[in-house]
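Single-structure report; data block below.
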Amino acid sequence: TTPTADSVWTDPQELPALNAMPAHQRCLEQQAAVTVTVDGEAVSLFPLSTDRDACGVLEVRTAAALTVEQTRLVSSILRVYRNFQGLLDYSERDTLTGLLNRKTFDGSFLRVASQHQGSARQPEEGRGDGRRKAAPDTAWVGVVDIDFFKRVNDNHGHLIGDEVLLLVARLMRSSFRFQDQLYRFGGEEFVVLMRGGNVDQATMAFERLRNNVQAYAFPRVGSITVSVGFTDLRSGDSPSSAFERADKAIYYAKQNGRNQVAHHGELVARGVFVEEARTGDMELF
């Protein structure tokens with residue numbers, strides 16, 4: 001049997017609805033193994049879950065249905081996995097939102113960057129205006145900041161502020177793919193590390209989050225918006241250099257009306273930022 005998974009870039013809107021897969025839905029709702037027959041094969045479904053939520057379904061396809069002992073063995077292995085994942089989560093997760101915490105970002109960034117060195121953008125020949133040619137498939141760092149969050153704490157108190165942070169974290173999980181890495185850096189600042197896709201797909205993902213937050217009715221607070229700045233990963237990037245570019249893009253978004261997504265590369269192309277090829281320093285006019 002060959003293991004398979006979704007493609008690196010999958011738009012959540014293109015995935016089948018859960019109720020279109022009743023066996024998978026029953027597996028998740030009952031948190032128990034379910035066996036069905038598909039095209040003459042026995043398909044055993046096992047729930048994958050953490051202490052926080054159900055995160056997926058493991059499919060095991062066999063010529064004959066698994067025996068009771070085999071089913072129990074797989075379930076036992078998955079319980080060990082869940083316990084191990086819980087230990088990792090305790091040290092790597094933000095205690096309030098359940099997102100990854102800041103101290104795990106550097107290691108994850110360097111692992112992703114090492115896989116994308118060949119797809120990093122290179123300056124176009126003969127151009128001195130900082131424009132870069134987009135690679136067809138790269139990785140992205142986005143910074144997400146809740147607009148006017150201090151007003152929420154001042155007007156409604158920190159308990160309501162914490163509830164807003166929890167709900168924004170939930171909206172982030174529903175807006176991005178399972179494999180995208182979501183971080184809370186502290187306060188109202190979040191970071192997204194995405195692999196795969198071109199600039200249009202990355203923009204679409206960040207716009208989806210922005211729209212989802214804007215459309216959500218937050219209890220006691222009402223409407224909340226977020227500003228987003230993002231950048232591609234480049235050859236030789238460090239976590240701080242990529243974060244700095246995304247942070248400059250979000251600064252531009254906040255200075256120009258908030259509730260918008262700003263792409264650093266597009267701002268360079270428009271001449272808002274000037275990028276020195278030798279040093280990578282940026283100046284804001």
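Given the structure is predicted, the values throughout are model-derived calculations rather than measurements.
- With Ser227 contributing its side chain and Asn259 its backbone, the two residues share a donor-acceptor pair below 3.5 Å.
- Judged by distance alone, with hydrogens and angles left aside, the side-chain atoms of Gln30 form no donor-acceptor pair with the main-chain N or O of Cys27 at under 3.5 Å.
- When the options Leu171, Val261, Ile250, Ile146 are evaluated for a side chain to side chain contact (heavy atoms under 4.5 Å, CB included) with Val226, the one that passes is Ile146.
- Considering every non-hydrogen atom in both Phe230 and Ala246, the closest pair reads CA-CB, 4.1 Å.
- In this structure, OH on Tyr216 lies 4.5 Å from CG on Leu167, to the nearest 0.5 angstrom.
- Residue Phe218 holds its CZ atom at 12.0 Å from CD1 of Ile160, rounded to the nearest 0.5 Å.
- With sequence neighbours excluded, the residues forming a side-chain contact (heavy atoms from CB on, under 4.5 Å) with Pro239 are Phe105, Asp106, Phe109, Leu110, listed by chain and number.
- The CG atom of Leu99 sits 10.0 Å away from the CG atom of Leu165 when rounded to the nearest 0.5 Å.
- No side-chain donor-acceptor contact under 3.5 Å links Gln255 to the backbone of Tyr252.
- Two different hydrophobic clusters hold Phe178 and Val192 under the rule that ILVMFWY side chains link at heavy-atom gaps under 4.5 Å.
- For the pair Leu28 and Gly56, the tightest heavy-atom approach, listed with the atom from each and the gap, is CD2-O, 3.4 Å.
- Taken to the nearest 0.5 Å, the CG atom of Asp180 stands 8.5 Å off from the CZ atom of Arg195.
- Nearest heavy-atom pair, Val112 versus Ala139, reported as atom, atom and distance to 0.1 Å: CG1-CB, 3.7 Å.
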List the atom pairs, donor and acceptor, that lie under 3.5 Å between side-chain atoms in residues 64-78 and the rest of the protein, sequence neighbours left out.
{"from": "Thr67", "atom 1": "OG1", "to": "Gln70", "atom 2": "N", "distance (Å)": "3.1"}
{"from": "Thr67", "atom 1": "OG1", "to": "Gln70", "atom 2": "OE1", "distance (Å)": "3.4"}
{"from": "Gln70", "atom 1": "OE1", "to": "Thr67", "atom 2": "N", "distance (Å)": "2.9"}
{"from": "Thr71", "atom 1": "OG1", "to": "Thr67", "atom 2": "O", "distance (Å)": "3.0"}
{"from": "Ser75", "atom 1": "OG", "to": "Thr71", "atom 2": "O", "distance (Å)": "3.0"}
{"from": "Ser76", "atom 1": "OG", "to": "Arg72", "atom 2": "O", "distance (Å)": "2.9"}
{"from": "Ser76", "atom 1": "OG", "to": "Arg79", "atom 2": "NH2", "distance (Å)": "3.1"}

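- Enclosure of atom CZ in Arg258 by more than 12 non-hydrogen atoms of other residues, nucleotides or ligands within 6.0 angstrom is indicated.
- Atom CD of Gln214 and atom CD of Gln260 lie 11.5 Å apart (nearest 0.5 Å).
- Met172 is connected to Leu166 through a chain of hydrophobic side-chain contacts under 4.5 Å among Ile, Leu, Val, Met, Phe, Trp and Tyr, so both are in one cluster.
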Legend entry - Trp140 vs Val199, side-chain contact (heavy atoms from CB on, under 4.5 Å): CA-CA, chis, key distance, verdict: CA-CA 9 Å; Trp140 310 89; Val199 64; 3.7 Å; yes
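- Of the charged side-chain nitrogens involved, at least one lies within less than 4.0 Å of a carboxylate oxygen, so that Arg210 and Glu207 count as a salt-bridged pair.
- Considering all non-hydrogen atoms of both residues, Gly98 and Arg173 come closest at C-NH2, 3.4 Å.
- For Arg208 (side chain) and Ser175 (main-chain N/O), a donor-acceptor pair under 3.5 Å exists by modelled atom type.
- Among all heavy-atom pairs drawn from Asp237 and Ser241, the shortest one is OD1-OG, 2.9 Å.
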Legend entry - Arg61 and Val38: CA distance, side-chain angles, deciding distance, side-chain contact (heavy atoms from CB on, under 4.5 Å) verdict: CA-CA 9 Å; Arg61 293 175 177 262; Val38 179; 4.2 Å; yes
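- Note that CZ of Arg93 and OH of Tyr183 are 9.5 Å apart. Values are rounded to the nearest 0.5 Å.
- The backbone N or O of Phe243 lies less than 3.5 Å from no partner atom in the side chain of Asp247, so there is not a single donor-acceptor pair.
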Inset, instruction - Apply side-chain contact (heavy atoms from CB on, under 4.5 Å) to Thr225 and Phe148, showing your working. - result: CA-CA 8 Å; Thr225 62; Phe148 301 115; 5.6 Å; no
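- Among all heavy-atom pairs drawn from Leu45 and Val43, the shortest one is CD2-CG1, 3.7 Å.
- A side chain to side chain donor-acceptor pair (under 3.5 Å) with Thr231 holds for exactly one of His263, Arg245, Glu244; it is Arg245.
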Legend entry - side-chain contact (heavy atoms from CB on, under 4.5 Å) evaluation trace for Phe149 with Ile224: CA-CA 9 Å; Phe149 183 69; Ile224 290 289; 6.0 Å; no
